[in-house]
Amino acid sequence: MIREQLKSHITLAIQAAQAAGDLPSFEIPTFTVDHPRQANVADYAASIAMQLARVTRMPPPQIAQTIVKHLELGEVATAELVGAYINFRLSQKYLTEQVAVILEAGKAWGHINIGAGKPIQVEHGSANPTGPLTVASGRNVIIGDTLANALSAAGYAVHREWYVNDAGNQIRHFGESVYARYAQQLGRDEPFPDDGYKGDYINDIAKAIIAAEGDKYISLPRDDARRALGKIGIDAIMDGVRASLIRVSIHHDNFFSERSLYESGQFERVLPILRDKNLLIEYDDALWFSEDGSPIRKTEVRGLKPEDGQEKSEVRSQKSESKEQKTEAVQVVVIRSPKIIAEPSERPTYFASDIAYVWNKLVLRGFERAIYVWGEDHQGDVPRLMAVTKALGLDPKRVELLIYRFITLMRDGQEVRMGKRSGNIVTIDDVVDEVGSDATRFVLLSRSIDTKIVFDIDLVKKQSDENPVYYVQYAHARICSILRKAEETTDTRLGGADSHVATDLTTVAETLDHQAPLLEYQHPSELALIRKLLELEEVVELVSGQLQPHHLPAYAQSLATTFSAFYRDCHVLGEAPEVTASRLRLVRATQATLANTLALMGMSAPERM
RNA sequence: GCCCCAAUGGCGCAGUGGAUAGCGCGUUUGGUUGCGGACCAAAAGGUCGGGAGUUCGAAUCUCUCUUGGGGCACCA
């Protein structure tokens with residue numbers, strides 16, 4: 001990447017200056033080369049001279065001058081001093097060459113290799129398998145999938161996983177619900193459980209089971225029937241979820257069963273690690289994890305209100321003693337208890353699963369990093385997962401938890417309230433049916449994960465003409481139109497081959513891709529466009545490094561805008577043959593960049609709209 | 001009460017310790033005898049919530065206050 005190149009040039013210049021005695025001896029600190037806030041100032045700028053003022057005891061402008069004196073940039077760029085800033089402007093020659101680089105890379109343009117093939121897991125989705133995929137979970141999977149795309153482009157070996165919560169109380173309620181509907185449809189007078197799932201889809205599942213297997217479960221003992229029907233129901237739900245995911249271009253490498261952590265004995269094998277460190281404590285008939293191994297007191301039980309004033313004041317005085325203590329609240333969580341479920345051996349708590357699961361990810365499967373995409377409702381669970389990761393002797397930096405804020409769905413000017421239990425849900429399918437997958441993905445990606453998104457279905461539909469998603473795709477379609485037109489009017493200017501070869505867009509594109517560069521680009525709008533194309537690598541670095549997918553839509557829009565300026569200023573077809581050919585190559589490179597950006601976001605790049 | 005997140009033009013949001021804080025929408029005024037007008041240009045619009053601190057330099061880091069959102073079940 002050009003930014004890295006410039007950095008190493010600066011480093012070399014500093015070392016040369018030191019060797020020549022122009023700068024004193026010191027260790028070069030980490031520094032950055034950035035885009036100036038105002039693009040017309042320079043392409044890149046370094047403020048290293050100001051950083052070095054103290055260590056060199058020289059005035060910053062003089063340091064900058066000294067560095068520039070020793071800078072050898074070749075024909076890549078020119079350096080200019082502005083005060084203590086070293087400003088770089090990429091040369092026309094360099095920029096022109098980059099178009100060939102982009103065309104050569106093609107679909108791989110934008111791929112960088114900071115990941116070096118390291119195995120990394122992105123777990124996303126993982127909604128309870130008790131109902132269809134909701135639009136609320138849509139943000140989860142779309143964030144996760146896009147990050148996985150970006151990490152993959154950044155050179156990591158990415159594994160995409162969905163964690164199926166197929167154990168626990170919710171699953172029991174779900175099984176009971178399916179059983180009740182099943183029995184009711186077979187004419188039994190079966191009461192529907194109070195905690196049951198009331199959605200119509202439960203009826204559909206029951207109906208399908210009856211159609212496929214008849215009434216055979218009715219004669220089984222109730223608990224057995226409940227379990228069996230629950231399992232069938234989960235499979236049915238997950239089949240539906242998978243179908244919904246495909247519609248938004250999301251693929252998981254694995255659907256990991258929570259239950260398998262117990263059935264395989266993994267959980268029982270991990271537990272001794274904590275026991276050996278004396279971090280497991282028996283209290284009140286339950287098994288607890290205590291981060292520092294201290295005994296459990298009632299006041300420490302998460303969420304339990306102190307029962308008398310004395311304990312309460314004890315807690316308060318402890319908290320207010322020092323600020324360090326406040327931030328390091330000890331994590332105390334129950335692992336299993338007969339109060340949660342009568343047979344704790346069958347299935348401990350959700351947190352117990354988390355323990356075995358993180359061990360499974362980092363140790364058994366050897367992912368260097370495990371990224372979790374969680375909704376804000378799980379925000380409170382972050383400290384305990386980090387605590388147990390540490391307790392297992394694993395580097396907590398390997399676990400990265402992304403907490404995104406929920407979306408508010410609006411329809412007919414009103415907020416749509418959702419709840420899986422009540423059956424009042426808006427599925428991702430509903431939204432995709434109305435506004436399409438591309439718009440759904442773009443809208444849900446367009447803001448930082450810390451920002452609540454108001455997804456107004458009517459607005460997204462109504463505004464479609466002015467919607468950024470169409471603006472971006474329009475730019476791509478327009479490019480394709482130019483390439484098509486080039487094919488119609490083609491002659492030898494398209495690169496030596498006989499003029500009848502180009503029969504479709506692909507052929508034109510391939511011809512362009514392998515053509516030798518003809519002219520050096522010099523129009524400001526041409527050069528601005530190339531600079532913008534080069535940013536894709538930086539965006540991939542940014543998104544994968546900071547795990548912030550919202551930079552992608554922003555870049556896509558900015559790229560489309562820059563292309564529009566070029567389109568306005570630089571006519572492509574019908575110019576002098578070399579000009580047309582050069583600009584066609586640039587247009588083609590823009591198409592590749594735009595298409596790759598859209599692909600990272602999981603969106604289509606339409607040739608016509 | 002404790003924890004997490006946020007506060008940046010009218011609205012919605014970007015912003016990596018660095019130069020004159022950007023983008024979209026909206027508003028105003030313009031632009032087509034051109035490869036797709038689903039387009040483009042110009043203008044107006046900011047004490048970056050308040051205060052203190054660190055730093056050569058703070059929208060960005062620290063502390064504090066204010067306001068808003070979320071989380072604080074032996075639920076998942």
Side-chain angles (χ1 to χ4, degrees), chain A residues 32 34-39 41-42 45-47 50-51 53-54 59-60 82-85 87 127-128 130 165 167-171 173 195 258 283-288 301-304 312 315-316 319 323 326-327 329 333-341 344 348-351 353 375-383 403 405-406 420 446-454 463-468 470-471 473-475 477-486 488-489 538 542 545-546 550-551 554 557-558 561 564-565 567-575 580 583-584 587 608-609:
Chain A
T32 56
D34 300 306
H35 293 283
R37 278 215 284 243
Q38 286 191 314
V41 174
S47 56
M50 279 171 270
Q51 277 176 265
R54 175 172 292 171
V82 179
Y85 290 96
N87 288 346
N128 272 343
T130 52
N165 299 114
N169 277 330
Q170 294 311 319
I171 295 308
H173 295 321
D195 306 338
E258 177 185 7
Y283 173 84
D284 194 21
D285 290 334
L287 182 68
W288 300 74
V301 175
R302 203 162 68 108
L304 202 62
K312 197 175 178 181
V315 170
R316 190 186 295 153
K319 290 279 165 65
K323 278 159 193 164
K326 191 172 86 180
T327 54
V333 198
V334 70
I335 290 178
R336 59 182 162 202
S337 161
K339 287 188 191 171
I340 305 179
I341 187 162
T349 66
Y350 185 80
F351 175 63
S353 306
E376 60 181 332
D377 54 337
H378 284 84
Q379 169 219 111
D381 299 339
V382 173
I403 308 294
R405 297 203 50 179
F406 287 145
K420 255 186 200 173
S446 60
R447 295 193 191 142
S448 87
I449 65 171
D450 291 327
T451 302
K452 184 178 82 176
I453 292 181
V454 178
Q463 279 193 342
S464 63
D465 285 359
E466 295 154 14
N467 197 310
Y470 296 102
Y471 178 77
Q473 292 183 319
Y474 178 75
R478 183 187 251 171
I479 287 171
C480 292
S481 171
I482 295 173
L483 295 176
R484 274 194 303 270
K485 195 130 188 169
E488 291 163 12
T489 61
E538 295 168 17
L542 184 65
Q546 311 215 341
H550 69 273
H551 297 295
Q557 197 168 351
S558 165
T561 299
S564 290
Y567 177 83
R568 179 191 69 234
D569 296 336
C570 301
H571 211 252
V572 177
L573 302 177
E575 299 291 315
T580 288
R583 287 184 176 165
L584 276 171
V587 165
R608 286 191 171 85
M609 290 174 72

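Below, read A as the first sequence line, B as the second, and so on, with proteins coming before strands; counting in each chain starts at 1.
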Counterpart residues, side chain to side chain contact (heavy atoms under 4.5 Å, CB included), relative to A/Ala477 (two or more places apart): A/Met609
Looking at residues at least two apart in the chain, or sitting in another chain, which of them share a side-chain hydrogen bond (donor to acceptor under 3.5 Å, both in side chains) with A/Asp377? none
In whole angstroms, how far is the P atom of B/rG24 from the OH atom of A/Tyr471? 8 Å
Round to the nearest Å and state the distance from A/Ile479 atom CD1 to B/rC35 atom P. 16 Å
Using a cut-off of strictly less than 4.0 Å, decide whether A/Arg405 has a side-chain nitrogen or oxygen near OP1 or OP2 of B/rC5. no
Whole Å only: how far is the CD1 atom of A/Ile403 from the P atom of B/rG71? 13 Å
Run the salt bridge (Lys or Arg N to Asp or Glu O under 4.0 Å) test against A/Arg405 and tell me which residues pass, sequence neighbours left out. A/Glu376
Hits for salt bridge (Lys or Arg N to Asp or Glu O under 4.0 Å) against A/Glu538, two or more places apart or cross-chain, chain-then-number order -> none
Once side-chain hydrogen bond (donor to acceptor under 3.5 Å, both in side chains) is applied, do any residues pair with A/Ser353, and if so which ones, sequence neighbours excluded? A/Glu258, A/Tyr262
Report the distance from atom OH of A/Tyr470 to atom C1' of B/rG36, rounded to the nearest whole Å. 17 Å
Contact pattern, 5' to 3', of nucleotides 16-22 of chain B - B, S or - by protein heavy atom under 4.0 Å: B-BBBSS
Calculate the interatomic distance between A/Asp377 atom CG and B/rA76 atom P; express it in whole Å. 13 Å
